[in-house]
Amino acid sequence: MKSELVFSKYYGEPEAAGLNNYLNNDKGYDALKKALEMTPEGITQMVKDSELRGRGGAGFPTGLKWGFIPKTNKPKYLVVNADESEPGTFKDRAIMNYTPHMMIEGCIISALAIDAHIIYVYIRGEFVREAEVLEKAIEEAYSARYLGNTVCGKDYKLDMVVHRGAGAYICGEETALLNSLEGKRGEPRIKPPYFPAVHGAFGCPTVVNNVETLAAIPGIVREGVDWFKSFGREKNTGMKLFCVSGHVNKPGLYEKPYGYPFMKLIEEDCGGIWKGRKLKAVFPGGSSSPVLTAEELKDVALDFDDLQAAGSMLGSSAIMVMDDSTCMVQVAIRTAYFYYEESCGQCTPCREGGKWLLDLNRRLESGNGKMEDLDLIADICDKIDGKTICAFGEATAWPLRSLVKKFRHEYEQHILEGKCPFGGKAPSWEQ
Amino acid sequence: MGTITFNGKEIPFDEGDNIIEAAKKAGTEIPHYCYHPGLSIVAQCRMCLVEIEGARKLATACSTPCNNGMVVSSESPTVKEAVSGVQEFLLLNHPLDCPICDQAGECSLQEYSLKHAASDCRTDLNRRTYIDIDMGPSIKKNMNRCIHCTRCIRYCNEVGDIYEMVALQRGNNTEIVTVDDKPLMTAYSGGLADVCPVGSLTTKDFRFSKRVWYLRRNDSICDGCSKGCNITVSHEKNLVFRLEPRENQEINKWWMCDEGRYGFHFAQSPSRVLAPAVKGGGSMESAQWSEAGARFNDLVVGAQSIAVVASADITNEEADLLKSSLPKAELYSYSPSVDSSSEDKALDHLIRRKDKSPNLKGLEGRGYSAFSKFNPSKFNLVVYASGGKVRPPYGIAKLSETTVGLGVFLKEEVDGFDVILPGPSWLEKEGSFTNYDEINQHFGQAIRPIGLAKPMSVVLSKYLADSVWQAG
């Protein structure tokens, strides 16, 4: 399988984040110069042809998203979703830390394609260092005249603003992000309108793209569509950052093409499961994705379509690995606690159901659960799933339902033994 | 205009209608909490979920506009299960203190629980509790009962026009509070109790005073200012307990101000004069109707010149009656805040007006002159007619030789009058008011006259001699 390091060349070398390194060693801003000679439609068509899919989680084709921008006189905005907060995900952070100019170049090209004159980077509040690095890089881009009143001498005013979030997971949802950006409460907007492309930031056409998606743009423009499509496979093209965490010998960020075999990543690249234990389960796309058992993972390849066929999703490609010493009820508590804590509280099912799921799982872990609780958990998940404004409801329901479905015997063991069979105490984050 | 298929039936809709409104016009109620026709749509209670043919997920009826040919179901098994799920979630943390809750009987949560929720309870976990902080003199909050529909927040922002209620915290811990725990400032705070679908916000005025299922309701018009808001009077056993706004898109939409809402208490004030009284010695003494009536007639017959001063809260019918029964009299209208309706103006963006009397326009139209033109020394009899809402000008009774009071008076105001003939307040009679916009609105009688009060028609026809009537 063809592979090349695009994003992760300089990981571990903070000094590589400067403009000089990017210009000298990575053909920096060559793509921008090429893009300036193209029409906006040409750029969009190129991205469409590359089959680049959004890397924030949903996998929506990027070129298609840009194509939704209507031709109006209203100002248009490009918003960079750098609110990376899906548990287990740390890819955008690395891009902003080590190759910020790659993202900035991608942003500028995208702004040209959609005719935006302001780029907002909505960065997660906890990313203090990343915001600093990014702001420094933006300053460099301004001094080098890639940003400002002209872009590389072309009469095109373009500004880039870093806006720091205040620490809410829900602000990674694009409409909640826009609300937060506008200074409102970070709550998702009702759909329709389905896409911010029509009614986005400040009521104007807006494209919201993930950091990694935008960082992939310069490569496509500079090296061409064919180069980009030579990685991965059909409809899942390009190199991708996979965030592996949990019970493996070498957790970390791995850059692989789409369609890379899952077991190969775990066994070869990550050095296998730690302490000689066996693989038990994996969240393949962050804690919002349904859990997959070792059995289901055997022949899975890491791309959007294959994981969907396996009953889960690639999501933000945060692979969380659990070995056979893991108590799945504790996993459920940890997951439920996160979604209870982070729910914005707008919709009834998510606000009330999340806490209910947490309480039931806590009671099961303590050994005081009842058999009917198991069906109740599945039923609560059904009543949250698809009934809410945004996808947060699904993100709560899917992992918890899959846990109780796939590890029902373990839940039952808790009830029958009246205690946790793994001897685990209640996790330490509990008050 | 177009039609949608709703639960298998073709129903028409008007341009801009959402599914809830279209269904309402066809006589079906889609359950909802957060949706209110007068407030912005947030679609967050998720109670109005319906199935739309061709849609991947259930949609909220409040946020989905009708499209011609749309096929909608609110009764499919999927919808029923989803709605009962939402209802169950809402009841999860609700204290179910209906026996001591003022909202019981007109509570959406209660109603929909009966209609849409499963009969059993599947939770035995602890319920969420909050500590409530006082919200000022108008509204009592009980956050434990709250279902987080945020109608109150939107009401304050969009109707009250003061951003003073907010959601604090988030998720399951969301708490609805006033900004910095300050008391409410809006002049429309009572409306919070109307928009709250549960017993979370109730008015302190009505709280614990009556179970709502005992109340009888009559339509009426507010007499608080020249706006003429449409209201519903709730009463039982001849006692009025509260006024609520009634929808009228031309005048008050769905709202009313606190001044109007709480302004009815004068009619049930312990100091209201409920029996006829005549001047005897130095002070007023109660008298029989026959005695007071005869005295009134004597004064009218003996008077050289008569002035009728009508406070601008009497009805148009009463004004006509005074005019025809005292044909010799000169007519004046009295409003406390303005001299004539030309001085009247809106006090804010919504309802309240400067003229604090309901019928100045009506009186002016009937030939009543402005109070500033009234010269008491010209007359030896002044007949002061009052509907009760407008307090008589201070010392009116001492300005001329003799003064007769007709209508609603308080004990502290009757000093100096020669005769008081108690009449009904606007709640106790039928009639019409003409508002600032010259809209003539008729209202019915809600309760019987209190005490020995008699309608003006009876007083004038029974006690005034025929010769007076015919003098003109």
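For clarity, every value in this text was computed on a predicted model and none was experimentally measured. Below, read A as the first sequence line, B as the second, and so on, with proteins coming before strands; counting in each chain starts at 1.
- For B/L125, the part sitting under 4.5 Å from any heavy atom of chain A is the side chain, from C-beta outward, and nothing else.
- The neighbour count for B/M185 CE, taken as heavy atoms of other residues, nucleotides or ligands under 6.0 Å away, does not exceed 12.
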Which donor-acceptor pairs lie under 3.5 Å between chain B and chain A?
from: B/Q44; atom 1: O; to: A/T348; atom 2: N; distance (Å): 3.2
from: B/C45; atom 1: O; to: A/T348; atom 2: OG1; distance (Å): 2.9
from: B/R46; atom 1: NE; to: A/K387; atom 2: O; distance (Å): 2.7
from: B/R46; atom 1: NH2; to: A/T388; atom 2: O; distance (Å): 3.3
from: B/K57; atom 1: NZ; to: A/E394; atom 2: OE2; distance (Å): 3.2
from: B/N93; atom 1: ND2; to: A/E352; atom 2: OE1; distance (Å): 2.7
from: B/R122; atom 1: NH1; to: A/D379; atom 2: OD2; distance (Å): 2.8
from: B/R122; atom 1: NH2; to: A/D379; atom 2: OD2; distance (Å): 2.7
from: B/D124; atom 1: OD1; to: A/R363; atom 2: NH1; distance (Å): 2.9
from: B/D124; atom 1: OD2; to: A/K370; atom 2: NZ; distance (Å): 2.6
from: B/R128; atom 1: NH2; to: A/E352; atom 2: OE2; distance (Å): 3.2
from: B/I147; atom 1: O; to: A/R351; atom 2: NH2; distance (Å): 3.1
from: B/A167; atom 1: O; to: A/R185; atom 2: NH1; distance (Å): 2.7
from: B/Q169; atom 1: O; to: A/R185; atom 2: NH1; distance (Å): 3.4
from: B/Q169; atom 1: O; to: A/R185; atom 2: NH2; distance (Å): 2.8
from: B/R170; atom 1: NE; to: A/E341; atom 2: O; distance (Å): 3.2
from: B/R170; atom 1: NH2; to: A/E342; atom 2: OE1; distance (Å): 2.9
from: B/R170; atom 1: NH2; to: A/E342; atom 2: OE2; distance (Å): 3.3
from: B/G171; atom 1: N; to: A/S343; atom 2: O; distance (Å): 3.0
from: B/G171; atom 1: N; to: A/C344; atom 2: O; distance (Å): 3.1
from: B/N172; atom 1: ND2; to: A/R351; atom 2: O; distance (Å): 2.7

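- For B/I147, the part lying under 4.5 angstrom from a heavy atom of chain A is the backbone only.
- Of the atoms belonging to A/I389, heavy atoms from both backbone and side chain fall under 4.5 Å from chain B.
- Between chain B and the residues A/C344, A/G345, A/G386, the most heavy-atom pairs under 4.5 angstrom are made by A/C344.
- For a residue to count as touching a neighbouring chain, one of its non-hydrogen atoms must lie under 4.5 Å from one of that chain's; by this rule A/I170 does not touch chain B.
- Taking B/A43, B/A82, B/A59 one by one and counting their heavy-atom pairs under 4.5 Å with chain A, the maximum is reached by B/A43.
- Per-residue heavy-atom pair counts under 4.5 Å with chain A were compared for B/V166, B/V42, B/I41, and the maximum is reached by B/V42.
- The number of heavy-atom neighbours closer than 6.0 Å to NZ of B/K182, taken from other residues, nucleotides and ligands shown, is 12 or below.
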